[in-house]
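Just so it is clear, the structure is predicted and the values come from calculations on it, not from any experiment. Hydrogens, waters and symmetry mates are skipped; everything else that's a heavy atom, side chains included, is used. Residues take their numbers from the sequence shown, with the count starting at 1.
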Amino acid sequence: MLGLMQDKPLLISSLLEHAERFHPEVEVVSKTVEGTIHRTNWREIGQRARRLAISLEKQGVKKGSVVATLAWNTHRHVELYFAVMGLGAVLHTINPRLSPEHLDYIVNHAEGEILFFDTTFAPIVEKMQERFGHVKRFYAMAAEATLDKIAPKIRDLGSYEALIDNTPADPAFTWPQFDERTASSLCYTSGTTGNPKGVLYSHRSTILHACVGGLPDIMNTSANATILVVVPLFHVNAWGLPYSAAMTGTKLVLPGPHMDGKSMYELLRDERVTLAAGVPTVWQMLFQYVDANSLKPREDLCLKTALVGGSAAPRMMIERFDREFDTFLLHAWGMTEMSPLGVVCQLLPKHQHLPAEQRYDVQMKQGRAVWGVQLKIVDEDNQRLPHDGKARGRLLVSGPWIVDSYFKGEGGKILDEEGFFDTGDVAVIDDDGYITLVDRSKDVIKSGGEWISSIDLENVAVGCPGIAMAAVIGVSHPKWQERPLLVCVKKPGAELDKSTVLSYLEGKIAKWWTPDDVVFIDALPLTATGKIYKLGLRQQFKDYQLPTA
C-alpha cells in the first residue's frame with residue numbers, strides 16, 4: 001500500500017521561492033572583486049535570478065544544458081546558482097586554481113555552452129578561450145560599460161549586468177517543474193592524480209543534503225544566524241551552504257576574492273558573523289592578522305562556530321579558537337563525491353562538562369555520520385572491521401547524496417558489491433560512532449609493518465612555537481621500508497632548527513613515530529582546494545637521503 005500524500009518534486013527553485021516569500025529582507029552581503037561592499041537580500045536575489053533565467057532561455061539554455069562559472073563568492077554567483085539550476089540546466093563551477101591543463105580538460109569534458117567569469121579571471125579566459133571549443137558565449141560578471149577595459153580580446157563577450165538589465169521582469173514567469181532526479185550541478189575533483197573526475201549532483205540529492213546540513217546538530221543554519229562563506233562556491237557548492245541558507249533564511253556574507261586575514265576579520269566583526277566556514281589555511285591567515293595587530297577577538301567578534309573541513313584542523317587551532325575567540329571549532333568531513341557532507345563533530349551531552357583538554361580530544365575527531373550517510377571500514381580483504389576505536393581500515397560510504405558513478409562513466413564501476421564508495425581514507429570508528437581519519441591511504445607511512453599517521457604527526461608538529469605549517473611524508477628506508485620526514489615552514493622571524501622541533505615532539509608522540517629528519521622550506525605546495533599537496537612533496541623529496549638510512 002502506498003501513502004496518500006502529494007508527490008511534489010524536490011527542486012532547488014523551491015528553496016529560492018521560500019527565501020523570497022518568508023525571508024525577503026534577510027541580507028546577502030558581498031565583498032566585490034573591486035573591494036567594495038554590496039548589499040542585497042533574498043527578495044532581490046530571487047528577482048534577478050528570474051530575469052537572468054529568462055535571458056538564458058532566450059539564448060537557448062534549456063534542461064540539460066551546461067553553463068560554466070569561473071567566479072568567486074559573490075551575490076552574482078549565488079544568482080547564477082538558482083537561475084541555471086532552476087531552469088533544469090546544469091551549473092558547472094570551475095576551480096580557477098587548477099592548472100591550465102586541467103582547466104582545458106574539464107571545460108571541454110563538461111561541454112559547457114556559456115561561461116560566466118569574474119573580471120579577476122579575464123586573463124585566464126583570454127589566454128585559453130580558443131581551447132574552450134564548446135563555449136559559444138562568454139559573459140564578464142560586470143557592467144557593460146567596463147567590457148572594453150576588462151577583456152577587449154575575448155570573443156563573443158557579453159555583460160552579466162546587461163543580461164539582467166535588458167530583460168524586464170515577467171510576472172507570468174514560473175520555474176519549470178521536472179523530475180527531481182534531474183542533474184543540477186557539476187563539480188570536478190581536484191585531480192591530484194590523473195585528470196579530474198566530474199561529480200554530477202541532482203536536485204533530489206542537493207535538497208536532501210541541504211535539509212540535513214541545516215539541522216541544529218549539523219551546521220545549524222537559521223534566520224538567527226549569519227554565515228561567512230569562505231569555502232568557495234566553486235568547491236563542492238560551498239559545502240551546500242547557499243542551499244541551506246535559502247531554506248532557513250540565513251544571512252550570507254560572501255568575501256569574493258578577499259580571503260586575507262584582514263578582510264576576514266573585518267567581515268566577521270562588521271557583519272556580526274555567527275558561523276564561518278573554511279579550510280584550515282584560511283584560519284591560519286586570520287590568526288596571523290590577529291597576532292600582527294594585537295587584536296582582541298573575544299571583544300570584537302560574536303563568532304560562535306568555525307566550521308572546518310577540507311583537511312583536519314590541528315589541536316592548536318581548536319584551542320586557540322576556544323580561548324581567544326570563544327568560538328567552537330566544528331570539524332566536518334566529506335568530499336566532492338559526497339556533496340560533500342559525511343560526518344560532523346558535534347559534542348554529545350556527556351562531553352559538555354568535560355575539562356577543556358578532554359573536550360579538545362573529542363573535537364580532534366572528524367565526527368559522527370549525519371542522517372543518510374552509512375559508513376564502514378574494511379581490511380585489505382574487504383572484510384568489515386569493528387567500530388571499537390582501535391581497528392583501522394579503509395573508509396567506505398553510501399547514501400542518497402553520494403556518487404554512484406563519475407560523469408561520462410570515467411573510472412568505470414566505483415562502488416563495491418554493497419553499493420559503498422571507497423573514500424581513499426584510512427579511519428578508526430569508536431563506540432559512539434566518531435570517526436578519526438588516520439590518513440589518506442596513499443599518505444599513511446608504513447614503517448616496519450606498522451602504520452604512522454601523517455595527520456597525527458602534523459597536528460602535533462604545527463603546535464611547536466615558530467612553525468607556521470607542517471607536513472609529514474614517508475621517505476624510503478632500507479630497513480623500515482618508510483620513515484617519516486617532517487617538512488616545515490617557519491613563521492616570519494622565527495629561529496628554529498631540527499633539534500628544537502624534535503625536542504618539542506618528545507613525549508607528545510610514540511617514540512618510534514619520531515621523524516628521522518626535519519627540513520625547512522619557504523612554502524608548502526597546496527592543491528587547488530587549499531590542502532597540502534602531498535604528491536608534490538613526495539616528488540620533491542623522492543631522492544631525499546635520510547640520515548638514518
Side-chain angles (χ1 to χ4, degrees), residues 5 8-19 22-23 81-82 85 180-185 187 199-225 227 229 231 233 235-250 252 274-278 304-310 328-348 365-376 395-404 419-421 423 425 427 429 432-435 437:
M5 309 305 290
K8 300 286 187 179
L10 302 176
L11 301 180
I12 289 167
S13 58
S14 69
L15 301 177
L16 184 59
E17 289 178 317
H18 180 80
F22 295 104
H23 306 282
Y81 261 57
F82 289 105
M85 298 184 212
E180 64 185 20
R181 293 167 295 182
T182 300
S184 61
S185 59
C187 291
V199 182
L200 189 62
Y201 311 109
S202 70
H203 284 255
R204 179 179 185 273
S205 70
T206 301
I207 293 287
L208 291 174
H209 184 273
C211 288
V212 172
L215 291 173
D217 276 344
I218 312 302
M219 294 185 286
N220 195 22
T221 63
S222 78
N224 297 311
I227 301 179
V229 186
V231 55
L233 287 163
H235 179 50
V236 207
N237 295 328
W239 300 349
L241 284 167
Y243 308 117
S244 294
M247 179 179 288
T248 57
T250 306
L252 287 182
T274 58
L275 169 66
K304 296 177 182 177
T305 305
L307 179 63
V308 175
F328 183 81
L329 186 145
L330 178 62
H331 255 138
W333 169 85
M335 53 200 313
T336 304
E337 290 90 340
M338 297 171 67
S339 297
L341 194 58
V343 305
V344 176
C345 194
Q346 292 282 10
L347 300 179
L348 294 173
K365 301 177 181 182
Q366 275 59 60
R368 305 198 311 157
V370 303
W371 174 87
V373 174
Q374 295 181 338
L375 310 166
K376 67 177 179 179
L395 177 61
L396 284 79
V397 295
S398 71
W401 54 80
I402 293 171
V403 68
D404 181 72
F420 280 74
F421 172 75
T423 67
D425 284 305
I429 305 178
D432 288 322
Y434 284 93
I435 286 179
L437 294 184

Taking every heavy atom of Pro400 against every heavy atom of Leu208, the minimum-distance pair comes out as CB-CD1, 4.0 Å
Between the OG atom in Ser244 and the CD1 atom in Ile207, the distance rounded to the nearest 0.5 Å is 9.5 Å
Taken to the nearest 0.5 Å, the spacing of Leu11 CG from Ser202 OG works out to 10.0 Å
| request: Compare all side-chain heavy atoms of His203 with those of Met85 and state whether any distance is below 4.5 angstrom. | output: yes
* Asked: Can you tell if the side chain of Asp217 reaches within under 4.5 Å of the side chain of Val344, non-hydrogen atoms only?
  -> no
Q.
Side chains of Tyr201 and Ile12, heavy atoms from C-beta outward: is any pair under 4.5 Å?
A. no
I'd like to know if the side chain of Thr305 and the backbone of Leu307 have a donor-acceptor N/O pair within less than 3.5 Å.
no
His18 and Met247: CA distance, side-chain angles, deciding distance, side-chain contact (heavy atoms from CB on, under 4.5 Å) verdict: CA-CA 7 Å; His18 180 80; Met247 179 179 288; 5.6 Å; no
Heavy-atom closest pair (Ser398 atom, Gly419 atom, distance to 0.1 Å) is CB-O, 3.5 Å
message = side-chain contact (heavy atoms from CB on, under 4.5 Å), that's the test. Do Leu437 and Leu395 meet it? Break it down for me.
response = CA-CA 9 Å; Leu437 294 184; Leu395 177 61; 4.0 Å; yes
Residue set satisfying side-chain contact (heavy atoms from CB on, under 4.5 Å) with Ala245, at least two apart, ordered chain then number -> Trp42, Thr250, Leu252
Counting C-beta onward and ignoring hydrogens, is there a side-chain heavy-atom pair between Leu375 and Ile435 closer than 4.5 Å? yes
dist Phe328:CZ -> Leu347:CG (nearest 0.5 Å) comes out at 4.0 Å
When you compare the side chain of Thr221 with that of Tyr243, does any pair of heavy atoms fall below 4.5 Å? no
>> Whether the side chain of His23 engages the backbone of Ala223 through a donor-acceptor N/O pair (distance < 3.5 Å, no angle test) should be reported.
In response: no
Rounded to the nearest 0.5 angstrom, the OG1-CG distance for Thr182 and Leu10 is 11.5 Å
Kindly list each side-chain donor-acceptor pair under 3.5 angstrom involving residues 235-242, sequence neighbours excluded, with atom names and distances?
unit_1 : atom_1 : unit_2 : atom_2 : d
Asn237 : OD1    : Tyr81  : OH     : 3.4
Asn237 : ND2    : Ser185 : OG     : 3.1

Please work out whether the ring planes of Trp371 and Trp401 are parallel, tilted or perpendicular, with thresholds of 30° and 60°. tilted
CE of Met338 to CZ of Phe421, rounded to nearest 0.5 Å, is 9.0 Å
Looking only at atom types and distance, does a side-chain atom of Thr274 sit under 3.5 Å from a main-chain N or O of Ala225, one as donor and one as acceptor? no
Q. Is there a side-chain contact between Pro340 and His209 (heavy atoms, below 4.5 Å)?
A. yes
Here the side-chain hydrogen bond (donor to acceptor under 3.5 Å, both in side chains) pairs for residues 335-348, sequence neighbours left out, are Glu337-Tyr406
Residues Ala246 and Ala19: closest non-hydrogen pair is O-CB, 3.4 Å
Taken to the nearest 0.5 Å, the spacing of Asn220 CG from Lys304 NZ works out to 8.5 Å
